[in-house]
Trainee: 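Sharing a structure below in structure tokens format, with a few things to ask.
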2 protein chains.
Amino acid sequence: MTDPGPATRPRGRPRSNEADVAILRAARELLASDGVAGAGMEQVARRAGVSKVTVYRRWSTKEKLLAAAFESAGTGLPARTLGDQPDPPSSYDDLTYDRMTHLIDNALPTAAGLLADPQYRALLAAVFGARFTHPDLMDVFWDNHIVPRRRTALVVLERAVAEGHLPRETDVEVLLDMTVGALIYRLLQPGDLDRDVLLDYLRRVYRQAGLLPPA
Amino acid sequence: MTDPGPATRPRGRPRSNEADVAILRAARELLASDGVAGAGMEQVARRAGVSKVTVYRRWSTKEKLLAAAFESAGTGLPARTLGDQPDPPSSYDDLTYDRMTHLIDNALPTAAGLLADPQYRALLAAVFGARFTHPDLMDVFWDNHIVPRRRTALVVLERAVAEGHLPRETDVEVLLDMTVGALIYRLLQPGDLDRDVLLDYLRRVYRQAGLLPPA
């Protein structure tokens with residue numbers, strides 16, 4: 001992303017970063033309310049107040065745009081921060097189980113706030129709901145959003161097993177699916193969900209998974 | 001759906017059952033291919049070759065029809081399940097952990113065949129994907145499909161804890177969500193999924209949950 005700066009940028013034309021923010025916001029809103037079918041490049045551009053060319057210049061396909069839109073809804077997920085680091089982060093060499101559970105415990109309140117947001121829940125439903133009607137979106141979402149977090153989380157779980165905090169026979173891949181799966185399942189269940197209720201639930205899941213110490 | 005009429009219809013073969021099968025099949029096909037928005041009462045009636053009145057006589061709302069359609073996947077009819085038994089089944093009084101794991105182990109191959117069916121996976125995506133765009137469907141699906149199974153499964157998990165096969169501090173509600181959640185998550189991941197791969201996965205999840213003995 002290059003910013004030509006105030007001297008060369010035409011007056012009144014949003015900086016590209018501003019355009020990105022507007023495009024991603026428009027894509028989140030349309031994806032959450034109308035699903036993948038209603039969140040085309042043209043509709044997103046119109047809602048964001050930019051040209052289609054501006055959208056295509058940044059995201060070459062609708063799938064890449066919508067995956068980025070989902071990604072942009074969250075800055076508070078613990079896995080997001082970890083996933084942005086080298087893969088797996090070299091700092092993990094020093095990550096003991098105690099340190100890890102401390103980090104998780106500290107990250108959960110922010111995560112709960114993000115995940116309980118009705119728009120986040122609606123985006124999650126839209127992406128998973130489009131798994132068979134628009135499989136390309138899940139492919140991009142999986143590669144960009146899930147795989148990096150997954151590699152990082154597996155390092156953490158393997159560390160917990162190696163240190164003896166989880167049983168030696170733990171199936172770490174399955175335990176990861178169970179942890180993430182419970183969360184997705186909970187977010188898509190009927191009824192309202194506020195941050196405090198979800199925070200309590202997240203702590204229960206992480207405890208049951210052995211990733212937080214008993215209450 | 002043609003009705004040969006009372007004169008030619010074989011004794012004991014009710015017409016309404018044939019219509020039900022045709023309606024449910026049409027609803028499954030439309031829901032899987034076009035999502036909730038494309039599976040209205042009128043479209044389902046047309047595809048099934050019956051009148052809208054025939055559909056409404058059996059299912060008073062679109063949500064009830066689509067929840068029944070999901071339920072009918074695999075058998076073509078609303079499933080006869082544990083949920084149809086007394087709740088919880090009185091036979092559970094005799095259900096030891098050993099007997100229970102034996103039943104689970106025997107049931108998994110059939111379950112894997114149903115769940116790996118691309119249409120089943122697409123129906124699952126459609127129902128969960130409509131959680132926020134058509135919340136009434138999830139409400140009906142939850143009450144009719146999930147809640148009865150959930151009550152039964154909790155009895156089984158509590159029995160396993162009481163017998164000492166799961167740790168005393170097990171959070172059975174969360175463990176149930178983790179088991180079901182992992183499965184939903186797996187079914188909606190990218191890529192093909194055949195029965196044998198899914199059967200292996202199911203066994204790994206049930207083992208990790210403590211509901212099957214170690215391999």
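Every chain is numbered from 1, with letters handed out A, B, ... down the list of sequences. The structure displayed is predicted, hence computed values, not measured ones. Worth knowing before you read on, the calculation uses all heavy atoms, side chains too, and leaves out hydrogens, waters and symmetry mates.
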Trainee: Is Ser33(B) close to chain A through its backbone or its side chain, or both, or neither, when contacts mean heavy atoms under 4.5 Å?
Mentor: backbone

Trainee: For Thr133(B), is it the side chain, the backbone, both, or neither that has a heavy atom closer than 4.5 Å to a heavy atom of chain A?
Mentor: side chain

Trainee: Answer with side chain, backbone, both or neither: which region of Leu187(B) has an atom nearer than 4.5 Å to a non-hydrogen atom of chain A?
Mentor: backbone

Trainee: CD/Glu173(A) to OH/Tyr201(B) distance, rounded to the nearest 0.5 angstrom?
Mentor: 8.5 Å

Trainee: Side chain, backbone, both or neither: which part of Ala209(B) has a heavy atom under 4.5 Å from chain A?
Mentor: both

Trainee: Are side-chain heavy atoms of Tyr185(A) and Phe128(B) found at a separation under 4.5 Å?
Mentor: yes

Trainee: Is the shortest heavy-atom distance from the side chain of Leu124(A) to the side chain of Arg131(B) under 4.5 Å?
Mentor: no

Trainee: Assess whether atom CG of Asp192(A) is packed by more than 12 heavy atoms of other residues, nucleotides or ligands within 6.0 Å.
Mentor: no

Trainee: Nearest 0.5 Å please: distance from the CZ atom of Arg204(A) over to the CG atom of Asp171(B).
Mentor: 4.0 Å

Trainee: Of the backbone (N, CA, C, O) and the side chain (C-beta and beyond), which part of Ile146(B) lies under 4.5 Å from a heavy atom of chain A, both, or neither?
Mentor: side chain

Trainee: Top residue by heavy-atom pair count (under 4.5 Å) with chain B, among Ala122(A), Pro118(A), Pro135(A)?
Mentor: Ala122(A)

Trainee: With a 4.5 angstrom heavy-atom cut-off, is it the side chain or the backbone of Leu188(B) that approaches chain A, or both, or neither?
Mentor: both

Trainee: If you count heavy-atom pairs under 4.5 Å between each of Pro167(B), Ala182(B), Gly35(B) and chain A, which one has the most?
Mentor: Ala182(B)

Trainee: Specify which of Val180(A), Asp139(A), Thr179(A), Asp143(A) makes the most heavy-atom pairs with chain B at under 4.5 Å.
Mentor: Val180(A)

Trainee: Please rank Pro214(A), Ala32(A), Ala37(A), Gly191(A) by heavy-atom pairs under 4.5 Å with chain B and give me the top one.
Mentor: Gly191(A)

Trainee: With rounding to the nearest 0.5 Å, note down the distance linking CD in Gln189(A) to CG in Asp177(B).
Mentor: 5.5 Å

Trainee: Given heavy-atom pairs under 4.5 angstrom as the criterion, report whether the side chain, backbone, both or neither of Arg207(B) touches chain A.
Mentor: neither

